[in-house]
Amino acid sequence: MSSPTRLRFCPSPTGVPHVGMIRTALFNWAYARHTGATFVFRIEDTDPARDSEESYLQLLDALRWLGLDWDEGVEVGGPHGPYRQSERMDLYAMVARRLVEAGFAYESFSTPEEVEARHRAAGRPPKLGYDGYDRSTTPEQREAYLAAGRRPVLRVRMPDQDIAFDDLVRGRVVFKAGSVPDFAITRGGGQPLYTLTNPVDDAFMRISHVLRGEDLLSSTPRQIVLHRALVELGLSQSVPLFGHLPYVMGEGNKKLSKRDPQSNLFHHRDRGFLPEGLVNYLALLGWSIAPDRDVFTASEMVAAFDVADVNPNPARFDLKKAEAINAAHMRLLAPAEFARRLVRPLHLAGLVAAPEWDRLDAREQAILTAAAPLVQQRMTLLGEAVGMLGFFFAPDDAVDFEPAALARLLPASRDLLEAALAALLGLGAWTASDIHGALDAALVEALGVKPRDAFTPLRTAVTGRRVSPPLFESMEILGRESCLARVERLRLLPELD
RNA sequence: GGCUCCGUCGUCUAGUGGCCCAGGACGCCGCCCUCUCAAGGCGGUGACGCCGGUUCGAAUCCGGUCGGAGCUACCA
């Protein structure tokens, strides 16, 4: 009987969520959902010096924002908990003891300095790694070390044979015998290290597929050796399958640095990325859904995703492309939904009273409902709504005329505004097409001004900007009274002279 | 140095021996549309790192070479 498919995402809560890490979460999630597997969310907080509760909370926030849900793990529980390693210390101590008793691991008293000194003395490169010296510690030596106050780390004995596995994305990978030194699984004080806790939890949580970053590829032979030991001890059924996802690169030819703001998931959220857009773009980092298509939803990804199709090449995080994908998702949103997404950035900029649609007043809702469709095709990021829609919410006498808009006005602008005012004053119905028609007749036809020149002063008067949503539709939404007041205000502006 | 991974347009990729003098997307350039800006439409730019081999035929298979990356902790 084959064991059920189970995947996991197991970050360390250090720092802010990184897009590379989230890409890993996404691929695990997508593969789990595609195969009907169980998706486990575990926290690897075994390093008190670096882990933080704040970071843990941000991880939850990130996955929830993106819609990556999990079946077992922190917050939701499950049969293999607890799901924070800091709460599983007894388990690691027990496993470590069993490993030593069975001879898979041994106490190692050597300090890094001593190891290096031995390498030098033997004429070997000093940075060769641990030399296996303590494999043969005698009881007498052990007593002497202990008496001298030394506390041993535990190391796993690496077998003297090649270690091979079939990587889910790279195919067969072989590490030559002798190339991987015996590795530490606990600190000198007995605290377990990642090298122990990660495979132990994968074993006890019955993880079948390990999908992780390429940076962990070289630690795989060690984990396989440990898994085999656990199987022999009867603590585990089998060694999981491994798949190593390509790096997410930044500028130049290096991994996207944690220092780079682009690596910060929340940086993108704050700029106005849609979760749909970011998920879609992240999916493209090492995978593609079809030869001629790159805009898709999370559920379409789930339907199509197979780890065997993942490309092993490192992928560069390209903001321009990410924004283009996001823009496509903006246009895919139903107009009403798009309007709702605008509320938060607008509120953050002080333009509307509340951060949620339902708490907006009727006037704000009406403006947004009418204005949102005007900008939906014109935006890449939600944050751009602030600049594009700000004039709708500003008082008529406080519309901010940007210098670039003022600079484009001609000497004849005042006459144009006056003619426009006259035409608008006599207008019956106040609809975009009526406004357009009246203005066309009064300015373009009667005065012989090119449309472009005729409407530029009006655009500045009404919106304060050089670039704006469509003018006539904007005027309809704003209403006759506001428009007349704004045109009059610009007409009287001293700067026009 | 050792070990391991990777190598198709600037970038992300499609491609698993003939459909490829290599397809799509982003970017960039041009044109159309047009009240600004977008969107949209049309067109253009641009790549199989190199050398051998296998084969009637190679981006695809093999060998070598060059280049890039990661790891080489009592971090994860």
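A note on names: the letters A, B, ... follow the listed sequences, proteins ahead of strands, and every chain is numbered from 1.
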In 5'-to-3' order, the base (B), backbone-only (S) or no-contact (-) status of each nucleotide in nucleotides 69-76 of chain B, using a 4.0 angstrom heavy-atom cut-off, is SSS--BBB
Under 4.0 Å, heavy atoms only, any strand: does [X] hit a base, just the sugar-phosphate, or nothing?
| X | result |
| --- | --- |
| A:Asp440 | nothing |
| A:Pro125 | nothing |
| A:Arg465 | nothing |
| A:Val174 | sugar-phosphate |
| A:Arg459 | base |
| A:Val180 | nothing |

Sorted by first residue and then second, give each side chain to side chain donor-acceptor pair (under 3.5 Å) pair with at least one member in residues 172-189 of chain A; sequence neighbours left out. A:Tyr106-A:Asp182, A:Arg135-A:Asp182, A:Asp166-A:Arg172
Within less than 4.0 Å of OP1 or OP2 of [N], is there a side-chain N or O belonging to [X]?
| X | N | value |
| --- | --- | --- |
| A:Asn313 | B:C6 | no |
| A:Lys176 | B:C3 | yes |
| A:Ser468 | B:U36 | no |
| A:Arg293 | B:A25 | no |

Mind listing the side-chain donor-acceptor pairs of residues 381-391 of chain A below 3.5 Å, one per line with the distance, residues two or more places apart or on another chain?
| unit_1 | atom_1 | unit_2 | atom_2 | d |
| --- | --- | --- | --- | --- |
| A:Glu384 | OE1 | A:Thr380 | N | 2.8 |
| A:Glu384 | OE2 | A:Leu381 | N | 3.4 |

Taking only the side-chain heavy atoms of [X] (C-beta and beyond), determine which of [options] contains the nearest atom.
| X | options | value |
| --- | --- | --- |
| A:Pro470 | B:C6, B:U36, B:U4 | B:U36 |
| A:Glu473 | B:C26, B:C35, B:G7 | B:C35 |
| A:Arg378 | B:A39, B:C37, B:A14 | B:C37 |
| A:Leu471 | B:A39, B:C35, B:A14 | B:C35 |
| A:Leu284 | B:U13, B:C37, B:C12 | B:C12 |

Interatomic distance at P, B:C12 relative to B:G17, whole Å: 25 Å
Nearest-angstrom distance, P atom, B:U45 to B:C51: 25 Å
Could A:Lys321 and A:Asp294 be called an ion pair, given the rule that one side-chain N must be under 4.0 Å from one carboxylate O? yes
Sequence neighbours left out, what pairs pass salt bridge (charged side-chain N to carboxylate O under 4.0 Å, His left out) with at least one residue falling in residues 454-470 of chain A? none
Cation-pi check, A:Arg228 to A:Phe104: give yes when NZ or CZ is under 6.0 Å from the six-membered ring centre and within 45° of the ring axis, no otherwise. no
Who are the ring-ring contact (aromatic ring centres under 6.0 Å, His included) partners of A:His268, not counting sequence neighbours? A:Phe273, A:Phe317
Which donor-acceptor pairs under 3.5 Å do the side chains of residues 440-455 of chain A make with protein atoms, sequence neighbours left out?
none

